[in-house]
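Right, one structure below, let's go through it.
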Amino acid sequence: MDEEVVKAYIRAGEIAARVRDEAARMIEPGRRLIDICEYAENRIVELGGAPAFPCNISINSVAAHYTPVIGDEAVVPEGAVVKLDVGVHVDGYIADTAVTVALDERWTPLIEAVREALERALETVRPGARFADTGRAIAEAIQSRGFRPIVNLGGHSLARYRVHAGESIPNAFDPAIPGRYSPGKAYAIEPFGTNGEGLVVEDRETVTIYSLARLGLRRRLTSLERSILEEVQRRFRTLPFTERWLSHLTSDVQALRKSLRRLARMGFLTQYPALVERRRGMVAQFEHTVLITDGGEVIVTTSGSTG
Ligand code: MN
Ligand code: MN
């Protein structure tokens, strides 16, 4: 494995861990979500990285895929369970990490179950080990504490400029699940646990994150739509982005949103609706990125505590 690639992953991991922990300390009732996320995204750049995706801040039964929009007035509610998910890339090499903060101690057992699940899961990650064994460790840790893993979310392989590079690491035990950890690859391990059903569904009304799907066939586009695509291709390539990162293109926020939706309908953009627990159970998540080098050494790029 190229030494420069290893260095880029480790640097991305260091920045991600630091920003995750700093931003997590900002989570308190009444704090604006947008202030927390903009702090995180700006801090990533200040430390020499770039955001690999918009800072995700997901409250209570929202599991993932919410980032504040332009002018977002939402604040951290009293007693909330808040997931903060941060991605950093250095030269396209991505570190992906998340923590959950509970503002009411009645949710501590859920948080601890998922934190424990990540620790047990990381013990299974080594060259040649089966993804299925990670799924087993996660499911056992969460179920033994009386909660359910969210089985339609999971970890994933990472590649240059690709957050989801094709392989999935299950959050449930299924011995038939194929796949093994390969040297030279990076993986995000991310258990989710809930007191609900253990499934997420898409909230199609809440789309705040997009990525480029394809280019071409530009002649039917408005000038704003064309400039969105050019900007996305140049700045984010295939990485996810959000409307806040395009606000300089127009002062008309409604036009910007309408253009993003239309580009998604036409197939130029992929949209990522917010993911909500189906029975509106409370959701906790912890995530680390692991790099498996040629020497067989496993490096947890997001070093430090998981909370
Ligand atoms: Mn993540
Ligand atoms: Mn991830």
Side-chain angles (χ1 to χ4, degrees), residues 9 12-24 27 33 36-37 40-41 43-44 49-59 62-68 81-90 92-101 111 114-115 117-118 121-122 125 131 134-135 138 149-172 179 181 185-193 200 208-211 236 238-242 270 272-275 283-292 300-304 306-307:
Y9 270 116
E14 285 168 352
I15 296 169
R18 186 158 162 189
V19 171
R20 174 200 67 211
D21 292 346
E22 287 179 10
I27 295 171
L33 306 186
I36 297 168
C37 279
E41 292 164 3
R43 190 79 174 115
I44 288 168
F53 49 80
C55 162
N56 281 217
I57 189 159
S58 305
I59 308 291
V62 181
H65 295 176
Y66 185 79
T67 195
V81 170
V82 182
K83 276 80 55 191
L84 184 74
D85 195 328
V86 171
V88 175
H89 79 87
V90 170
Y93 299 103
I94 299 164
D96 182 4
T97 184
V99 286
T100 302
V101 174
I111 304 288
V114 184
R115 195 199 307 270
L118 178 57
L122 290 172
V125 181
F131 297 161
T134 304
I138 289 170
I150 295 183
V151 298
N152 60 344
L153 289 175
H156 47 95
S157 53
L158 295 150
R160 197 175 185 200
Y161 292 107
R162 286 174 67 202
V163 181
H164 287 260
E167 291 175 291
S168 296
I169 320 296
N171 281 343
Y181 296 101
K185 285 194 179 179
Y187 300 89
I189 308 298
E190 53 179 315
F192 286 79
V200 288
T208 61
I209 301 168
Y210 297 86
S211 70
F236 315 125
T238 47
L239 294 173
F241 64 91
T242 189
T270 301
Y272 301 90
L275 299 172
V283 177
Q285 170 208 19
F286 286 90
E287 179 177 25
H288 271 315
T289 294
V290 179
L291 175 65
I292 303 192
V300 178
T301 50
T302 50
S303 60
T306 53

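Just so we're clear, the structure is a prediction, and the values are computed from it rather than from any experiment. All ligand and atom numbering here is 1-based and tracks the order in the structure.
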| said: Consider side chain to side chain contact (heavy atoms under 4.5 Å, CB included). Of I189, T97, L158, I94, which one does T289 pass it with? | reply: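 With T289 as partner, side chain to side chain contact (heavy atoms under 4.5 Å, CB included) holds for just one option, L158.
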| Looking at I15, V19, V86, V88, which hits side chain to side chain contact (heavy atoms under 4.5 Å, CB included) with R43? |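 Only match with R43 under side chain to side chain contact (heavy atoms under 4.5 Å, CB included): V19.
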| With the Mn ion (ligand 2) as the point of reference, which N/O/S atom of E287 is the closest? |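 Closest to the Mn ion (ligand 2) among those atoms: OE2.
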| For the Mn ion (ligand 2), which N, O or S atom of E190 is at the shortest distance? |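 It is OE2 of E190.
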| Taking 2.8 Å as the cut-off, does an N/O/S atom of H156 lie below it from the Mn ion (ligand 2)? |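 Checking the Mn ion (ligand 2) against H156, an N, O or S atom does fall under 2.8 Å.
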| Residue D96, metal the Mn ion (ligand 1), N/O/S under 2.8 Å |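 True for D96.
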| message | Pairing donors with acceptors under 3.5 angstrom, does anything connect the side chains of T134 and Y181? | response |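 Their side chains do contain a donor-acceptor pair, which is all the 3.5 Å distance test asks for.
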| query | So, F131 versus Y187, ring centres under 6.0 angstrom or not? | reply |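 That pair passes the under 6.0 Å test.
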